[in-house]
Amino acid sequence: MSTDSQSQPASGAPAAPHHFIHQIVAEHVQSGRYGGRVGTRFPPEPNGYLHIGHAKSICLNFGLARDFGGTCNLRMDDTNPTREDVEYVESIRQDVDWLIGGWADDILALKRVGDTTGAGHLGKGSSVPLEPFYASDYFGQIYDFALQLIRKGHAYVCDLTPEETERYRGSPDRPGMESPFRNRTVEENLDLFQRMRAGEFPDGTRTLRARIDMTSPNIWLRDPVLYRIRHVAHHHTGTQWCIYPMYDFAHCLSDYIEGITHSVCTLEFEVHRPLYDWILEHLDLPKELPRQYEFARLSLGYTVMSKRKLLQLVQEKIVTGWDDPRMPTISGLRRRGYTPHALRHFCEMIGVTKYNGVTDASVLEFAIRDDLNRRSARVMGVLRPLKVVIENLPEGHEEWLEAVNNPEDPSAGTRKVPFSRVIYVEQEDFMEFPAKKFFRLSPGSEVRLRYAYILKCVGVVKDASGRVSELRCTVDPDSKSGGATAGRKVKATIHWVSAAHAIEAEVRLYDRLFSVEQPDSQEGKDFKSFLNPHSLEVLSQCKLEPSLREAKPSDRFQFERLGYFCADSRESTPGKPVFNRTVTLRDSWAKEQQKS
RNA sequence: UGCCCGAUGGUGUAACGGUAGCACAGCAGACUCUGGAUCUGUUUGUCAUGGUUCAAAUCCAUGUCGGGCAGCCA
């Protein structure tokens, strides 16, 4: 199969532009490097939940493997037991499965439970129990590589304290100084390193360091630490180890062990690349070496993307958890009602470069609207009810009107909605003193009730405080949808719900979490001082059409004229639904209002 | 005053020495029983200065601006 045909979407839609990493891989495949094979990996550290920035990396790594008939390993980059946890590995597994499901699940490579060789198996349709790869599965092999480096004179045990190590390292514009322990004999280094492993020394007293160049302009080449002592249990390896390899040492070797060909990471690792190569090149490694390539991480407007900051929001209970629908986490977006398809399309739209830009939040909103418009069933629900009594309808009047489920998809069919003498309409669809260009209800004006009659406002009832509490209206009996004068034009159509038939439900309106586009790059100010106080609004007495009573958790709908909503995956139950607003519909009336 | 990387409309990107294109956003209009969707049109751009070349967003030089690097974090 040609790589070209594989990289074309099946639909015949124009191919996504090939970014620079895609081009590099294409050249390698063409020239037969790595035997024409492509192996990528997605290597999160299990110290937090995945966010939409990880989604970009997932789409990149799985997409590359998919385009070239390769595989992508899901690997836990778990070399620091003090901050990692199984809760996170489970959430990562779930989020990845959800995001790539139906798109690249046959690209996902896992490994046999308990296997530590780095051999992968495709996750889909496997008959043996599989689990993600773990860098910690290679601690044995990585330890042996460390011994090899020592024997070759390329690594030494250093007794400098952390503070001293920092001092000896120098600074970016000033060379470092060599450690007094740099010239120990191979035998002494071997002995000391083995005793480090045996647990003879307390935390922080010794490290294993690469012997490179303390005067290098690249700080990461100034005898970087390869191993540190940590007498703590590891979530995956238990108490087998009290020394743990650093990222730089473990990552390139994990890539090598798994047969990764293209190791794709974000820009901040660019300066680590010489070290990645140095380690692999100073070991006796028979297989072709993996290479590292870097791209710009995603920044998205009106949110933050660092795991540290997201963790802070969770711990300080500013949000309800990692899956709070306002969070940019994959689990939060899922709970908010985002689809995997929309997220993938978003990742395709933003591209892959080495430029650190900020992606406009409207791109994400477009992606989800575009997808939900095609797929979601339309229903009617009134968020802020205003009672309407239709005076020319008899008491007890009831009829069931036909409504279209999805104008974008005729196969979705139709349903019946109940109509009666007392209905609710949206408060904001009525203005006692209509603004310019306001086409909806006002005293004496007419609107179309969606799928029903043309309604005329003939009276306004106010409560003691002067607030409009009820509308008195009449209906044009010939104007029923499909009826004699159904074609009569009125300026607006509004949604409604029959009072007698409505179900009452809680609806949560979400808005951006922050009120400025870049909350974490405001000079001298904490990102939390830019939280949007209106990021969540809970409406408890919304009136919804009765078909929604049995909505199942995670069911998605378009509430006509309002937006897309999704039954909450945690708190919604059939019979008592709770809805989250995923995103509003585009609203040109709101825009019009903002102008004035 | 170290090293590495980057710079194309408001935003994100494409163009690989040969007509600066796409998407989002914006604006204007058409259509519409969702002020949705759809359709049409449209404003706005190669960081600067030199050089190479018949021809430069693209190659070279210098400068400017932005990002990254001094964890026993990843």
Side-chain angles (χ1 to χ4, degrees), chain A residues 14 17-19 23 43-45 47 77-80 82-84 158 160-162 165-167 169-176 203-209 216-222 224-230 244 246-248 250-251 265-274 294 296 301 307-308 348-367 369-370 373-374 378 380 404 407-408 437-440 447-452 454 479 481 486-487 489-495 517 558-563 584-592:
Chain A
H18 289 169
H19 51 75
Q23 290 179 8
E45 184 188 14
N47 68 342
D77 203 359
D78 56 350
T79 56
N80 183 359
T82 60
R83 16 192 275 176
E84 296 156 7
C158 181
L160 254 27
T161 64
T165 307
E166 188 184 331
R167 199 144 36 79
R169 187 159 32 231
S171 61
D173 54 351
R174 194 161 33 83
D203 288 6
T205 55
R206 286 192 161 90
T207 56
L208 181 73
R209 299 177 67 181
S216 170
N218 182 336
I219 283 186
W220 294 99
L221 259 20
R222 318 241 267 230
V225 171
L226 265 22
Y227 263 95
R228 74 285 218 185
I229 302 171
R230 288 275 180 283
Y244 293 94
M246 298 288 291
Y247 163 84
D248 289 293
H251 203 91
C265 63
T266 44
L267 249 27
E268 67 272 26
F269 292 100
E270 213 162 16
V271 286
H272 295 237
R273 187 176 357 127
E294 308 87 12
K307 278 198 218 172
R308 207 197 92 244
E348 195 176 289
M349 284 195 289
I350 60 178
V352 177
T353 64
K354 298 184 75 157
Y355 175 73
N356 276 308
V358 180
T359 296
D360 202 297
S362 68
V363 182
L364 218 210
E365 291 191 354
F366 169 81
R369 282 195 189 108
D370 188 47
N373 174 48
R374 279 180 245 273
R378 272 62 171 172
M380 290 197 285
V404 173
E408 306 294 318
K437 291 190 183 174
F438 180 83
F439 305 141
R440 282 109 92 156
V447 293
R448 158 76 61 184
L449 291 175
R450 182 77 161 150
Y451 300 122
I454 290 172
S479 68
S481 298
K489 297 290 178 209
V490 288
K491 286 282 248 180
T493 298
I494 65 172
H495 60 279
E517 186 161 28
Q558 183 198 101
F559 289 7
E560 293 214 32
R561 302 209 306 129
L562 296 174
T584 61
L585 250 29
R586 281 184 66 210
D587 188 347
S588 48
W589 165 241
K591 245 177 251 163
E592 191 67 39

Point to revise | salt_bridge(A/Asp370, A/Arg374) N-O dist < 4.0 Å | key: yes
Exercise for review: Could you check whether A/Arg450 gets within reach of a base, just the sugar-phosphate, or nothing at all, counting any heavy atom under 4.0 Å?
Suggested key: base
Check your understanding: Can A/Tyr247 be called stacked on B/A74 when the rule is centres closer than 5.5 Å and an angle between planes below 30°?
Key -> no
Review point. Is the closest basic N to carboxylate O distance between A/Glu270 and A/Lys354 below 4.0 Å?
Key: yes
Review point. When A/Arg206 is tested against each of A/Thr161, A/Leu160, A/Ile229 for side-chain contact (heavy atoms from CB on, under 4.5 Å), which residue passes?
Key: A/Ile229
Point to revise | C1' gap between B/C3 and B/G45, integer Å | key: 32 Å
**Study point:** Sugar-phosphate only, base, or nothing, as touched by A/Glu560 at under 4.0 Å among non-hydrogen atoms
**Key:** base
Point to revise | A/Asn218 backbone acceptor or donor facing A/Ser216 side chain under 3.5 Å | key: yes
Practice item. Look at A/Arg561 and B/G35 and indicate whether a side-chain polar atom (N or O) is within less than 4.0 Å of OP1 or OP2. Key: yes
Check your understanding: Going by atom types only, do A/Asp360 and A/Ser362 share a side-chain donor-acceptor pair under 3.5 Å?
Key -> yes
Check your understanding: So what does A/Lys307 hit on the nucleic acid, given a heavy-atom distance under 4.0 Å: a base, only sugar-phosphate, or nothing?
Key -> nothing
Review point. When we call it a touch if two heavy atoms are under 4.0 Å apart, what does A/Arg448 touch: a base, just sugar-phosphate, or nothing?
Key: base
**Study point:** Pairing nucleotide - B/G41, Watson-Crick or G-U, each distance under 3.5 Å
**Key:** B/C27
Check your understanding: When all nucleic acid strands are considered with a 4.0 Å heavy-atom cut-off, which category describes A/Ser216: base, sugar-phosphate, or nothing?
Key -> nothing
Review point. Starting at CD1 of A/Ile350 and ending at P of B/C22, how long is that distance when rounded to a whole Å?
Key: 21 Å
Check your understanding: Using atom C1' of each nucleotide, how far apart are B/U53 and B/C59 to the nearest Å?
Key -> 10 Å
**Study point:** Distance, rounded to the nearest Å, where A/Phe559 contributes CZ and B/A37 contributes P
**Key:** 19 Å
Check your understanding: For the side chain of A/Thr353, counting heavy atoms from C-beta on, which of B/C69, B/U13, B/G2 is nearest?
Key -> B/U13
Practice item. Measure from the side-chain heavy atoms of A/Lys591 and tell me the nearest of B/C27, B/G35, B/C5. Key: B/C27
Point to revise | Interatomic distance at P, B/U32 relative to B/C47, whole Å | key: 45 Å
Practice item. Among B/U11, B/U13, B/C73, find the nucleotide with the atom closest to the side chain of A/Asp360. Key: B/U11
Point to revise | Rounded P spacing from B/G51 to B/U8 in Å | key: 24 Å
Exercise for review: Quick one: label A/Phe366 by what it contacts on the DNA or RNA (base, sugar-phosphate, nothing), any heavy atom closer than 4.0 Å.
Suggested key: sugar-phosphate
Check your understanding: Which part of the nucleic acid, if any, lies within contact of A/Val358, taking any heavy atom under 4.0 Å across all strands shown: a base, the sugar-phosphate backbone alone, or nothing?
Key -> sugar-phosphate
Point to revise | Sugar-phosphate only, base, or nothing, as touched by A/Arg222 at under 4.0 Å among non-hydrogen atoms | key: nothing
Check your understanding: Base, sugar-phosphate, or nothing for A/Leu160, non-hydrogen atoms under 4.0 angstrom?
Key -> base
